[in-house]
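Position 1 is the first residue of the sequence; numbering continues from there.
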Amino acid sequence: MGVLNGLMALLFGGDRNVIAETAEVFRENSENAGERGAAIQSAALQQFAQEFARNRRSIFDTVIDGVNRLPRPMMALGTLALFGAAMHDPAWFAARMQGLSLVPEPLWWLMGAVVSFYFGARHQAKGQEFQQSIAETLARTGAVRDNIEALSAKPAQPAEMPQEPRAPIETDNAALRDWLASYDR
């Protein structure tokens with residue numbers, strides 16, 4: 001009875017057994033496959049998290065960015081409001097425009113300079129952010145290119161061994177004879 005139990009334990013019991021090891025030759029171990037899949041998915045998620053991570057900014061930075069976004073829409077909507085006011089009450093609009101004609105020319109130049117500097121500085125800041133993002137992308141391209149080359153590199157082919165001349169194969173099969181004749185060329 002002890003020999004039979006030992007044989008059964010060898011075949012079916014314990015951590016390692018003949019049946020399980022033989023089955024893994026023909027079928028992938030599901031538990032190991034799940035662990036590998038989870039590791040691959042975790043690595044992919046970590047890579048995405050690094051790519052799309054945003055810089056943490058203070059509340060002050062967020063508020064100032066919001067305020068900096070106001071002038072352009074306000075100027076566009078203000079211009080449209082001027083057209084609406086001119087159509088709604090032309091006398092009121094004409095009186096306001098007469099008031100603007102009393103503004104001295106140097107003050108107009110000053111206002112033009114302030115607006116130009118504001119939009120010029122904003123354009124320069126956005127341009128620098130754009131250039132920085134391009135530089136960061138270009139810095140990553142070298143590593144990406146190296147990874148692609150490493151992945152697509154073909155393994156070194158072993159040198160061909162000199163082959164001894166083969167004896168001709170005698171066969172009654174015409175298709176096999178034709179194939180052998182084309183193969184030897």
Side-chain angles (χ1 to χ4, degrees), residues 15 23-161:
D15 290 339
E24 286 182 6
V25 170
F26 300 105
R27 185 178 178 281
E28 179 181 27
N29 183 318
S30 299
E31 186 174 341
N32 291 345
E35 289 174 3
R36 285 190 302 272
I40 289 170
Q41 188 174 17
S42 175
L45 288 174
Q46 283 180 334
Q47 180 183 357
F48 285 141
Q50 288 174 353
E51 281 185 36
F52 297 107
R54 297 188 64 162
N55 296 337
R56 295 285 180 184
R57 301 175 62 174
S58 69
I59 293 175
F60 177 78
D61 290 335
T62 306
V63 169
I64 293 302
D65 279 347
V67 170
N68 280 338
R69 291 186 177 130
L70 291 177
R72 287 186 296 164
M74 287 174 54
M75 289 173 67
L77 294 174
T79 303
L80 293 175
L82 286 174
F83 280 102
M87 289 186 289
H88 177 69
D89 190 358
W92 178 88
F93 183 77
R96 299 314 173 268
M97 292 300 111
Q98 288 299 317
L100 282 177
S101 68
L102 298 176
V103 175
E105 189 172 344
L107 194 56
W108 284 112
W109 282 101
L110 179 63
M111 188 175 103
V114 168
V115 170
S116 297
F117 282 126
Y118 170 77
F119 285 112
R122 181 166 172 81
H123 176 71
Q124 182 179 6
K126 292 296 180 181
Q128 286 174 344
E129 286 177 13
F130 179 69
Q131 293 294 333
Q132 182 181 5
S133 70
I134 288 175
E136 290 170 357
T137 302
L138 289 176
R140 287 192 311 255
T141 12
V144 170
R145 185 189 62 236
D146 293 343
N147 290 341
I148 290 171
E149 288 175 358
L151 289 172
S152 63
K154 294 181 181 176
Q157 298 293 328
E160 288 191 26
M161 301 292 292

Please report the interatomic distance CE(M111) to OG(S116), rounded to the nearest 0.5 Å. 10.0 Å

The side-chain contact (heavy atoms from CB on, under 4.5 Å) partners of F130 (sequence neighbours excluded) come to S133, I134

Tell me every residue that passes side-chain contact (heavy atoms from CB on, under 4.5 Å) with P104, counting only those two or more places apart in sequence or in another chain. P106, L107

Run the side chain to side chain donor-acceptor pair (under 3.5 Å) test against E105 and tell me which residues pass, sequence neighbours left out. W109

Heavy-atom count around L45 CG within 6.0 Å, excluding the residue itself: above 12? yes

Is it the case that over 12 heavy atoms from other parts of the model lie below 6.0 angstrom from the CZ atom of R72? no

Contacts of type side chain to side chain donor-acceptor pair (under 3.5 Å), residue Q41, not counting sequence neighbours: none

R36: what forms a side chain to side chain donor-acceptor pair (under 3.5 Å) with it, not counting sequence neighbours? E28

Output a table of donor-acceptor pairs, distance under 3.5 Å, between side-chain atoms of residues 73-94 and any protein atom two or more places apart or on a different chain; print 'none' if there are none.
from, atom 1, to, atom 2, distance (Å)
T79, OG1, M75, O, 2.8

For the side chain of S42 and the backbone of A39, is there at least one donor-acceptor N/O pair under 3.5 Å apart? no

